[in-house]
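Computed over heavy atoms, backbone and side chain alike; hydrogens, waters and symmetry mates excluded.
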Amino acid sequence: MSSFKAFIEDIFNEIADLRSYPKEYAEKLKIEFDHYKGNNVRHRPGTVPLQTREGRFAVEEVYNELLEKEQLCPLELSIGLCNAAIEHCSDTGRLGIVGHIGSRETSLQKRIEDYGKWSGNVIEALDYGSVSGAEVVLSLLIDDGLTTRPHRKALLNPMFTKIGVGAAPHTEFKTCACVIFAAGYTDNDDLTLMEPSDDTVPKNPEINNWLEGAVKLTCEIREETQNGEKVRRIRKHWEMADKSIVTQDEIEKIVDEKKEKAHDKNDEKEYKHQEHKEYHEQDDHKHQEHQEHQVHIPEHHEHHEHFETLTTETKIEEHEVPKEHEIPKEFHENPIVKSKRSSKGSSSGSSSSSND
């Protein structure tokens, strides 16, 4: 993932796959079963684990539900709903706001009516901290900790026909993603799609082989040069759930990609040169068989192994197991819902929800 524009497209495509092939999508969820360890911790390959509320139970529940689900109608992407979603993420993300109300008390109804006309039901779902479409959909689909599974119901609701997706950087949770589902929505005339943030979507920290039972990792990282080769020394201090500390030492070779590429090119040139040389030697041999071959024994040179160590400043990194839901519980009960009983009806009250 490189840009928020690509992130938004990835979310839309992931939702389209889920609704088009729910049974196949269930098999993707099955892979998640083994990622859940003790204390409901979800171990994500290659990065920091997540502390969930329900653990594997919620994943198995949605897995079984998807196996029984038939294909759903595709959702049409609405420029107006996308603009409303991008606007909200951009507005709240830069200020670190969480929830469905914007910095100027703007509501979902106000945002969607700025760009078009709606009918039926409209639901807005928010997700924080995800860095890929799969992470966003997985979070909304599992709906960890929410007994009524409102976000899951929205994703799998056959009543919805239109969708808008937005995303933006968030000062507290890295990213904010917004998905708006509508039973009916008509964009205003001559509407153009709002450009999302041109920032790069942040990556999850790369942490391999997280120690089971650990809740926090502190790394002392030191880069050294030994005998002309760069290495990285890592001392890991794992804080366990019982407050005990486990220490591990690792050493990694630092690969200079530019030198590696140059080395590969030189090897290729040397191979071609040697091949060319051998061809001419064979040709010369036919005409010089009468000549004596002289073998020169090279002089013996005593080998002295020389070690040189240069150390850079030690860097400290800390990684702690975040909770799947670190946002106040009042934001989790239900996604915000607006509904019209008829084209002239008034909207209902709203309640808020968001995922982390």
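- For Arg19, the salt bridge (Lys or Arg N to Asp or Glu O under 4.0 Å) test picks out no residue, with sequence neighbours left out.
- Interatomic distance, CD of Gln248 versus CZ of Arg235, reported as 11.5 Å (0.5 Å rounding).
- Closest of all the heavy-atom pairs between Leu140 and Leu126 is CD2-O, 4.1 Å.
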Report the C-alpha separation of Val201 and Ser3 in whole Å, then their side-chain angles, then the decisive distance to 0.1 Å, and conclude whether the side-chain contact (heavy atoms from CB on, under 4.5 Å) test is met. CA-CA 6 Å; Val201 178; Ser3 68; 5.8 Å; no
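- Formation of a donor-acceptor pair under 3.5 Å by the Arg233 side chain with backbone atoms of Ile251 is not found in this model.
- Annotation: Lys30, atom NZ; neighbour count of heavy atoms from other residues, nucleotides and ligands within 6.0 Å does not exceed 12.
- Within the model, atoms OH of Tyr63 and CZ of Arg56 stand 10.5 Å from one another, a figure rounded to the nearest 0.5 Å.
- Legend: residues meeting salt bridge (Lys or Arg N to Asp or Glu O under 4.0 Å) with Lys5, ordered by chain and number and at least two apart, are absent.
- Rounding to the nearest 0.5 angstrom, the gap separating the CD atom in Glu223 from the CD1 atom in Ile221 is 8.5 Å.
- At least one donor-acceptor pair under 3.5 Å links the side chain of Lys153 to the backbone N or O of Thr148.
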Yes or no on side-chain contact (heavy atoms from CB on, under 4.5 Å) for His100 and Glu124, after CA distance, side-chain angles and deciding distance? CA-CA 8 Å; His100 298 275; Glu124 179 181 76; 2.5 Å; yes
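- Between the Asn13 side chain and the Glu9 main chain, a donor and an acceptor come within less than 3.5 Å of each other.
- Around OH of Tyr21, the count of heavy atoms belonging to other residues, nucleotides or ligands within 6.0 Å does not exceed 12.
- Residues satisfying the salt bridge (Lys or Arg N to Asp or Glu O under 4.0 Å) test with Glu252, not counting sequence neighbours, are Arg232.
- Within the 4.5 Å cutoff, the side chain of Lys117 has no heavy atoms near those of the Glu113 side chain.
- Closest heavy-atom contact between Gly133 and Phe7: N-CE1, 3.9 Å.
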So Val122 and Leu108, side-chain contact (heavy atoms from CB on, under 4.5 Å) or not? Walk me through it. CA-CA 9 Å; Val122 177; Leu108 168 63; 4.2 Å; yes
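- Summarising the geometry of Ser197 relative to Asp199, their closest heavy-atom pair is OG-N, 3.0 Å, with the distance given to 0.1 Å.
- Contact check for Lys203 versus Val131: no side-chain heavy atoms found under the 4.5 Å cut-off.
- Taken to the nearest 0.5 Å, the CG atom of Leu18 stands 11.0 Å off from the CZ atom of Arg152.
- Put simply, the side chain of Ile254 does not reach to within 4.5 Å of the side chain of Val231, judged on heavy atoms.
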Side chains of residues 168-183: which donor-acceptor partners sit under 3.5 Å, not counting sequence neighbours?
residue, atom, partner, partner atom, Å
His170, ND1, Glu172, N, 3.2
His170, ND1, Phe173, N, 3.1
His170, NE2, Ile97, O, 2.9
Thr171, OG1, Gly96, N, 3.1
Lys174, NZ, Asn204, OD1, 3.0
Thr175, OG1, Gly129, N, 3.3
Thr175, OG1, Ser130, N, 3.3
Thr175, OG1, Ser130, O, 2.6

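- Although no hydrogens or angles enter the test, the distance criterion places a donor-acceptor pair under 3.5 Å between the side chain of Glu54 and the main chain of Gly145.
- Lys162 contributes a side-chain N or O that, together with a main-chain N or O of Tyr185, makes up a donor-acceptor pair within less than 3.5 Å.
- Within the 3.5 Å criterion, the main-chain N or O of Asp114 finds a donor-acceptor partner in the side chain of Asn188.
- Under the 6.0 Å cut-off for aromatic ring centres, Phe57 and Tyr36 do not qualify, their centroids lying 6.0 Å or more apart.
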Could you please spell out the steps behind the side-chain contact (heavy atoms from CB on, under 4.5 Å) verdict for Glu65 and Leu156? CA-CA 10 Å; Glu65 186 175 335; Leu156 302 175; 3.8 Å; yes
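- Under a hydrophobic-cluster definition in which Ile, Leu, Val, Met, Phe, Trp and Tyr are linked whenever side-chain heavy atoms come within less than 4.5 Å, directly or via other members, Ile245 and Ile234 are assigned to different clusters.
- Interatomic distance, CD of Glu32 versus CG of Leu141, reported as 11.0 Å (0.5 Å rounding).
- Criterion: ILVMFWY side-chain heavy atoms under 4.5 Å apart, direct or through other members. Under it, Leu95 and Val98 are not part of a common hydrophobic cluster.
- Comment: Lys230 does not engage Glu224 in a salt bridge, judged by the lack of any side-chain N to carboxylate O separation of less than 4.0 angstrom.
- The two residues Phe160 and Ile123 have their closest heavy-atom pair at CZ-CD1, 3.6 Å.
- Taken to the nearest 0.5 Å, the CZ atom of Arg42 stands 10.0 Å off from the CG atom of Asp144.
- Minimum interatomic distance between Ala58 and Arg149 (heavy atoms only, all atoms of both residues): CB-NH2, 3.9 Å.
- Under the salt bridge (Lys or Arg N to Asp or Glu O under 4.0 Å) criterion, Asp34 pairs with no residue at all, not counting sequence neighbours.
- Across Leu29 and Val59, no two heavy atoms sit closer than the pair O-CG1, 3.9 Å.
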Name every donor-acceptor pair, under 3.5 Å, that has one atom in a side chain of residues 74-92 and the other anywhere in the protein, sequence neighbours excluded.
residue, atom, partner, partner atom, Å
Ser78, OG, Gly80, N, 3.3
Ser78, OG, Leu81, N, 3.1
Ser78, OG, Asp187, OD1, 2.7
Asn83, OD1, Met194, N, 2.7
Asn83, ND2, Thr192, O, 3.0
Glu87, OE1, Tyr115, OH, 2.7
His88, ND1, Arg111, NH1, 3.3
His88, NE2, Gly99, O, 2.9
Ser90, OG, Ile86, O, 2.9
Asp91, OD1, Ser103, OG, 2.5
Asp91, OD2, Ser103, N, 2.8
Asp91, OD2, Ser103, OG, 3.3
Thr92, OG1, His88, O, 2.7

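- In the hydrophobic clustering of this structure, Ile142 groups with Phe33; members are Ile, Leu, Val, Met, Phe, Trp, Tyr whose side-chain heavy atoms approach within less than 4.5 Å, directly or through other members.
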